[in-house]
Amino acid sequence: MSMIAAFYSGKSILITGATGFMGKVLMEKLFRTSPDLKVIYILVRPKAGQTTQQRVFQILNSKLFEKVKEICPNVHEKIRAIYADLNQNDFAISKEDMQELLSCTNIVFHCAATVRFDDHLRHAVQLNVTATQQLLIMASQMPKLEAFIHISTAFSNCNLTHIDEVIYPCPVEPKKIIDSMEWLDDAIIDEITPKLIGDRPNTYTYTKALGEMVVQQESRNLNIAIIRPSIVGATWQEPFPGWVDNLNGPSGLIIAAGKGFLRSIRGAPMAVADLIPVDTVVNLTLAVGWYTAVHRPKSTLIYHCTSGNLNPCNWGKMGFQVLATFEKVPFERAFRRPNADFTANTITSQYWNAVSHRAPAIIYDFYLRLTGRKPRMTKIMNRLLKTVSMIEYFVNRSWEWSTYNTEMLMSELSPEDQRVFNFDVRQLNWLEYIENYVLGIKKYLLKEDMAGIPEAKQHLKRLRNIHYLFNTALFLIAWRLLIARSQMARNVWFFIVSFCYKFLSYFRASSTLKV
Ligand SMILES: CCCCCCCCCCCCCCCCCCCCCCCCCCCCCC(=O)SCCNC(=O)CCNC(=O)[C@H](O)C(C)(C)COP(=O)(O)OP(=O)(O)OC[C@H]1O[C@@H](n2cnc3c(N)ncnc32)[C@H](O)[C@@H]1OP(=O)(O)O
Ligand SMILES: NC(=O)C1=CN([C@@H]2O[C@H](COP(=O)(O)OP(=O)(O)OC[C@H]3O[C@@H](n4cnc5c(N)ncnc54)[C@H](OP(=O)(O)O)[C@@H]3O)[C@@H](O)[C@H]2O)C=CC1
């Protein structure tokens with residue numbers, strides 16, 4: 001019997017960010033392993049024309065929840081969607097809902113955040129810092145609360161190369177930042193943002209670091225733990241391999257490479273690609289929830305959920321496997337044949353951006369215009385290059401995260417819990433994982449049918465022929481122009497032609513002699 005699963009039975013659990021990538025997998029696992037849990041409260045806002053109820057309905061009817069519905073048929077009765085907007089005061093939660101949350105909640109998992117790298121500092125602070133502070137204040141009024149688990153990121157201290165499981169303070173106190181956001185206007189915030197984030201690459205990592213400081217400062221006598229996952233990828237094993245539903249992290253770039261838009265990225269192939277499957281993060285999160293509530297560590301423990309020091313894989317190997325999988329299962333209607341590579345420096349990167357990204361987009365848009373259609377490729381390419389420029393920071397460096405707490409926790413689990421809540425990344429086979437990841441992107445994100453693979457392969461063959469034809473035509477035109485304009489080129493051309501002629505004559509003569 002799993003002690004962790006038994007622990008969550010009968011519990012009332014509050015999850016923020018339950019509609020997000022990690023939140024959904026967390027809910028799924030909780031229902032699947034502890035179908036007797038009392039209730040999961042989720043804080044949801046209406047979005048994209050959908051009410052909170054419609055959003056929950058959509059999640060429960062997705063492929064991800066198929067197994068859950070078999071094990072826990074009344075799952076919809078156990079989810080209590082509470083209307084909330086974390087950008088608002090008191091999260092805009094009604095008095096009755098707030099009362100219920102405060103009096104019933106046993107465990108809090110705080111997953112909500114803005115993960116956009118380029119978010120305006122005001123918004124990133126509001127969600128990643130102020131909302132965390134408010135949630136902690138709420139938590140301090142929950143008499144039945146046993147544990148509060150905060151999800152941060154392993155990159156909150158990406159300005160360091162070796163990162164321990166401790167909280168590193170930022171120079172300006174989070175409270176001062178929160179206060180200043182209330183009276184500074186956007187223009188001034190824009191001006192001071194680079195100074196505040198310092199040697200971090202974006203507002204995301206900076207505000208997640210501030211969020212951790214807030215957790216430390218507002219912890220009072222709560223049982224708190226912080227989890228720092230690295231780059232969260234598709235599921236490894238559970239509920240099935242390869243599940244993913246958003247473009248964050250590598251997923252968007254894998255699509256861009258598979259569709260032939262992304263041809264090069266400035267990156268270090270030997271740098272460690274610290275990817276971690278989302279189900280591994282969720283298993284660790286649930287184990288931490290149990291350990292924090294039952295063992296009540298004296299201080300706030302931080303758990304690194306990373307792969308680099310236990311089972312490292314580099315970007316080169318990962319990229320290679322991504323490309324190898326495209327050969328077997330190509331994406332449909334590719335723009336060009338998938339053929340991405342890493343470039344070493346800014347100059348080569350700019351060259352390839354011009355030649356492999358911008359030029360084909362301009363040519364294609366010209367073709368669209370000629371055929372009376374609306375040009376769109378340059379816009380897509382600009383967006384892709386913006387994304388790539390934000391991600392390059394993370395593919396050019398390696399970090400070392402210590403994992404003492406995570407390993408300690410692993411040793412505290414019973415063999416059954418180690419199996420059911422497996423977060424031991426040493427068992428992960430990267431090649432198999434990447435192949436399933438690419439397949440998962442094709443199935444669950446792009447919603448492409450496997451039956452379309454022969455047609456997709458045929459399309460790639462056509463693209464290869466167009467590529468050869470285009471290159472040959474380009475070469476002949478360039479050469480013709482050169483010959484017309486330069487005596488030197490003409491001399492070279494005659495030298496090559498006469499050399500070939502002589503070589504062929506000699507070859508023919510020697511083969512006649514042998515006969
Ligand atoms: C030794 C041998 C060597 C051999 C080498 C051989 C081969 C080499 C092969 C090369 C490579 C092959 C394949 C590639 C494989 C991997 C490549 C490397 C991947 C690296 C990924 C690293 C990521 C690291 C991140 C680490 C940070 C910490 C992790 C976290 O804690 S949080 C999670 C990370 N957060 C994010 O990822 C959010 C990123 N997104 C944003 O910040 C923004 O969305 C944005 C990208 C800035 C775009 O903002 P915009 O305002 O312009 O757009 P908007 O968001 O409104 O979206 C507009 C449309 O764009 C779509 N979209 C959104 N995000 C992405 C995305 N990431 N990629 C693509 N498209 C995206 C969105 O859906 C909208 O579409 P629409 O609705 O149709 O308009
Ligand atoms: N994905 C990754 O690679 C990594 C993620 N993390 C951390 O993991 C956590 C979860 O990330 P992930 O699931 O990937 O992120 P997602 O972007 O998929 O999910 C974010 C969640 O936060 C919710 N949210 C955002 N703004 C509000 C708001 N104003 N009110 C209510 N809810 C809101 C979103 O709701 P809605 O659906 O309404 O937008 C969504 O449920 C975050 O804390 C992130 O920092 C850490 C490392 C890596």
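In listed order, ligands and their atoms are each counted from 1. Below, all heavy atoms of this structure are taken into account, side chains as well, without hydrogens, waters or symmetry copies.
- Distances from atom 22 (O) of ligand 2 to the heavy atoms of Ala112, Ala131, Ser156 show the closest one on Ala112.
- Only the side chain of Lys208 comes within 4.0 Å of ligand 2, judged by heavy-atom distances.
- Those atoms of ligand 2 with a heavy atom of Ile151 less than 4.0 angstrom away are 7 (C), 8 (O), 9 (C), 43 (O).
- Against a heavy-atom cut-off of under 4.0 Å, Val115 is close to the following atoms of ligand 2: 15 (O), 17 (O), 44 (C), 45 (O).
- The residue among Thr52, Val25, Asp85, Val281 with a heavy atom at the shortest distance from atom 29 (N) of ligand 2 is Asp85.
- The distance criterion of under 3.5 Å between nitrogen or oxygen atoms is not met by Gly23 with respect to ligand 2.
- In this structure, of Thr19, Ile227, Asn128, the residue bringing a heavy atom nearest to atom 35 (O) of ligand 2 is Thr19.
- Taking only non-hydrogen atoms, the option from Ala48, Gly233, Ser152, Cys111 nearest to atom 7 (C) of ligand 2 is Ser152.
- Residue Asn246 has at least one heavy-atom neighbour below 4.0 Å for each of these atoms of ligand 2: 18 (O).
- Judged by the shortest distance from any of its heavy atoms, Arg55 lies inside the 4.0 Å radius around the atoms of ligand 2.
- Not a single heavy atom of Leu43 sits under 4.0 Å from any atom of ligand 2.
- A donor-acceptor contact shorter than 3.5 Å is absent between the side chain of Ser34 and the backbone of Phe31.
- Within the cation-pi definition used here (under 6.0 Å to the ring centroid, within 45° of the axis), Lys29 does not qualify as a partner of Tyr8.
- Atoms of ligand 2 found under 4.0 Å from any heavy atom of Ser230, numbered from 1 in the order shown, are 47 (C), 48 (C).
- The N/O atoms of Thr153, backbone and side chain alike, include none that comes under 3.5 Å of an N/O atom in ligand 2.
- The option from Gly17, Pro250, Pro46, Gly20 that lies nearest to atom 19 (O) of ligand 2, judged by heavy atoms, is Gly20.
- Side-chain contact, Thr205 with Asn202: a donor N or O sits under 3.5 Å from an acceptor N or O.
- In this structure, of Arg116, Gln50, Arg45, Lys24, the residue bringing a heavy atom nearest to atom 24 (N) of ligand 2 is Arg45.
- Side chain of Asp279 to main chain of Glu238: a donor-acceptor pair is present (N/O by atom type, distance under 3.5 Å, no hydrogens or angles).
- Using a cut-off of 4.0 Å between Lys/Arg side-chain N and Asp/Glu carboxylate O, Lys67 and Glu70 are scored as not salt-bridged.
- What you find for Tyr206 and Leu196 is that their closest heavy atoms are CE1-O, 3.5 Å.
- With salt bridges taken as basic N to acidic carboxylate O contacts below 4.0 Å, one links Glu218 and Arg220.
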Subject >> Pair Lys317-Leu431, side-chain contact (heavy atoms from CB on, under 4.5 Å): steps then yes or no >> reply: CA-CA 8 Å; Lys317 187 173 167 187; Leu431 298 186; 3.9 Å; yes
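- Taking any N or O of Val232, backbone or side chain, at least one lies under 3.5 Å from an N or O belonging to ligand 2.
- An N or O contact shorter than 3.5 Å is missing between His110 and ligand 2 by distance.
- Checking Val215, Ile226, Thr406, Asp164 one by one against Ile302, the side-chain contact (heavy atoms from CB on, under 4.5 Å) holds for a single residue, Ile226.
- For the pair Leu127 and ligand 2, the shortest N or O to N or O distance does not fall below 3.5 Å.
- The shortest N/O to N/O separation between Leu86 and ligand 2 falls below 3.5 Å.
- Here the closest non-hydrogen pair linking Pro46 and Thr52 is N-CG2, 3.9 Å.
- Judged by distance alone, with hydrogens and angles left aside, the side-chain atoms of Asn311 form a donor-acceptor pair with the main-chain N or O of Val425 at under 3.5 Å.
- Taking the six-membered ring where tryptophan is involved, the planes of Trp399 and Phe394 are tilted, since the angle between them lies from 30° to 60°.
- Those atoms of ligand 2 with a heavy atom of Ala113 less than 4.0 angstrom away are 20 (C), 22 (O), 25 (C), 42 (C), 43 (O), 45 (O).
- When the heavy atoms of Gln88, His150, Met22 are ranked by distance to atom 13 (O) of ligand 2, first place goes to Met22.
- The aromatic rings of Tyr433 and Trp430 lie perpendicular to each other, with more than 60° between the two planes, well past the 30° mark.
- Among Tyr204, Phe21, Phe91, the residue whose heavy atom lies nearest to atom 6 (N) of ligand 2 is Tyr204.
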